[in-house]
Amino acid sequence: MPELPEVENVALALRECLVGRRLTGMEVRFPGVLEPSAEAVEEALVGWVLVKVRRQGKYLLLEFGEGDRCREDIAGYSGGMREDVLAHSAGIERGYRRAVCLHLRMTGQIFVDPAYRPDQHTHLILDFDGLPVYYRDIRKFGRLALVEADADGVFAVAPPHVGPDMLEIGFAAWRERVAARRAPIKAVLLDQGVAAGIGNIYADEALFRARVHPLTPAASLADPDLRRIFNAARAVMRLAIRHGGTTYLNFVDFRGQPGNFRRKLRVYQRDGEPCRDCGETLARLVVAGRSSHFCPRCQPAPRRRKARRPTTTRPRASRASRDRS
DNA sequence: AAGATTACCTGAAGGC
DNA sequence: TGCCTTCAGGTAATCT
């Protein structure tokens, strides 16, 4: 499943392979991936030059342009600048931009690989000056959507409710967004409105490395706990980027190579196996509708109003009014 | 009103 | 063997 590290690797690949190239054609095999319609996307983008790729969380924004300012953008990338592209883009509608937002959701994949052969799950074939780019998505959740610029001509990478990227936000700002939440920390990590990019795999891995139980209410966490979670989430995702991402079921990179971060997973999908740190059997439970994997010894359950003797379970009001002033 | 649940999809895996 | 059910999870929409 593509999370922040996998999407970042896609962004790096698109910048390396495609920036500076013109979208010369488009074969749509399943129109459902394109919004608002296949015709609208084709009409807007064919003939335009990819000038910039930006990422926020799991969202990618592909900016296309014509005109002089393409030259400045393209010049920022060493790989793709070519004379004919510059000649084409010169002098037409200076600085004008169009953009599409790409989200791979669960199973979306991008291939820039001459050896790739499209199958029944290949929904889109883009032609960039003769270089074919394939979009494949087994479950058809992913979308490539035309987006409008704001009044200043600026494109938002992600929809407005999506929070700052988890690798961009600072600890103080993140803590402010997290500390007010009474939901389990696992649910808060997955909430893209708090900070964008963490998915189920890296949420579990971050909580294990921070030694925090997934059910711990976010608001009950002390500063050092929050600091460990924040650092662990960023560290594990940076590490995953360097290792090409995690291949669990469906994610492979743009050349068709599986990421090799999976070997480094300590808890995700390892329930029933021994903890690599303490040997305890790893457990699984459902939090926020998602399976969560953790070590019951390394990540002790949060203190709860549990009767000491199981025979005297009496429901009691929780201490909702814990002052923290 | 925040938190929980469901819809969207398909393939893999397990049960019988 | 083959049919059936369950599970996987990112996000938007819907429910409580």
Side-chain angles (χ1 to χ4, degrees), chain A residues 1-10 29-36 55-61 101-110 118-124 135-145 147 156-163 165-166 176-207 214-220 233 237 240 245-252 258-259 261-262 265 267-272 283-294 302 318 320:
Chain A
M1 287 62 69
E3 301 182 27
L4 187 154
E6 291 75 33
V7 177
E8 175 66 10
N9 280 319
V10 172
R29 299 181 163 205
F30 174 68
V33 303
L34 296 173
E35 289 181 354
R55 183 189 61 75
Q56 178 184 341
K58 303 163 196 167
Y59 293 85
L60 281 181
L61 188 82
C101 179
L102 172 65
H103 198 302
L104 301 173
R105 296 285 184 100
M106 300 291 297
T107 53
Q109 299 168 292
I110 299 280
D119 60 6
Q120 75 269 29
H121 301 300
T122 306
H123 307 312
L124 198 56
Y135 175 75
R136 179 176 189 262
D137 187 355
I138 292 175
R139 290 165 74 173
K140 298 179 176 174
F141 286 177
R143 290 292 178 267
L144 188 68
V147 292
V157 179
H161 62 270
V162 174
D165 189 85
M166 190 60 194
E176 197 171 320
R177 289 162 166 264
V178 166
R181 301 284 296 268
R182 266 183 287 180
I185 182 63
K186 171 72 185 281
V188 175
L189 285 176
L190 291 175
D191 185 341
Q192 302 297 297
V194 171
I198 306 179
N200 207 34
I201 296 175
Y202 297 108
D204 281 0
E205 294 299 312
L207 289 175
L215 281 176
T216 314
S220 75
M237 290 196 292
T246 301
T247 299
Y248 211 85
L249 293 175
N250 287 296
F251 185 80
V252 294
F261 189 72
R262 183 175 171 179
L265 296 179
V267 289
Y268 182 77
Q269 288 277 307
R270 293 193 63 240
D271 49 301
R284 186 188 91 99
L285 56 79
V286 175
V287 183
R290 260 82 135 242
S291 62
S292 298
H293 314 80
F294 66 103
S318 64

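Since we're looking at a predicted model, the values are computed, not measured. Here is the naming used below: chain letters follow the sequence lines, and residue numbers restart at 1 for every chain.
- Regarding A:Leu215, its CG atom lies at a distance of 14 Å from the C1' atom of B:dA4, rounded to whole Å.
- Interatomic distance, CG of A:Asp137 versus CG of A:Leu124, reported as 11.0 Å (0.5 Å rounding).
- Residue-to-nucleotide proximity on DNA chain C shows that, of A:His161 and A:Phe141, the 5′-proximal contact is made by A:Phe141.
- Between A:Arg284 and A:Pro159, the residue anchored nearer the 5' end of DNA chain C, judged by the nucleotide with its closest heavy atom, is A:Arg284.
- Residues that satisfy the side chain to side chain contact (heavy atoms under 4.5 Å, CB included) test with A:Pro36, not counting sequence neighbours, are A:Ala40, A:Leu146.
- Between A:Asp191 and A:Arg181, at least one side-chain N (NZ, or NE/NH1/NH2) sits under 4.0 Å from a carboxylate O, which counts as a salt bridge.
- Among the atoms of the strands shown, none is found under 4.0 Å from any heavy atom of A:Phe30.
- The phosphate of B:dG11 has OP1 or OP2 within less than 4.0 Å of a side-chain N or O from A:His121.
- What separates CD1 of A:Ile201 from P of C:dG10 is a distance of 8 Å, to the nearest Å.
- The aromatic rings of A:His123 and A:Phe30 sit tilted relative to each other, their planes meeting at an angle between 30° and 60°.
- Paired regions of DNA chain B, where each region holds three or more successive Watson-Crick or G-U pairs whose two hydrogen-bonding distances fall under 3.5 Å, are B:2-8 with C:10-16, B:10-16 with C:2-8.
- Considering only the side chain of A:Tyr268, C:dA8 comes nearest among C:dT11, B:dT10, C:dA8.
- Rounding to the nearest 0.5 Å places CD of A:Gln192 at 7.5 Å from CG of A:Leu190.
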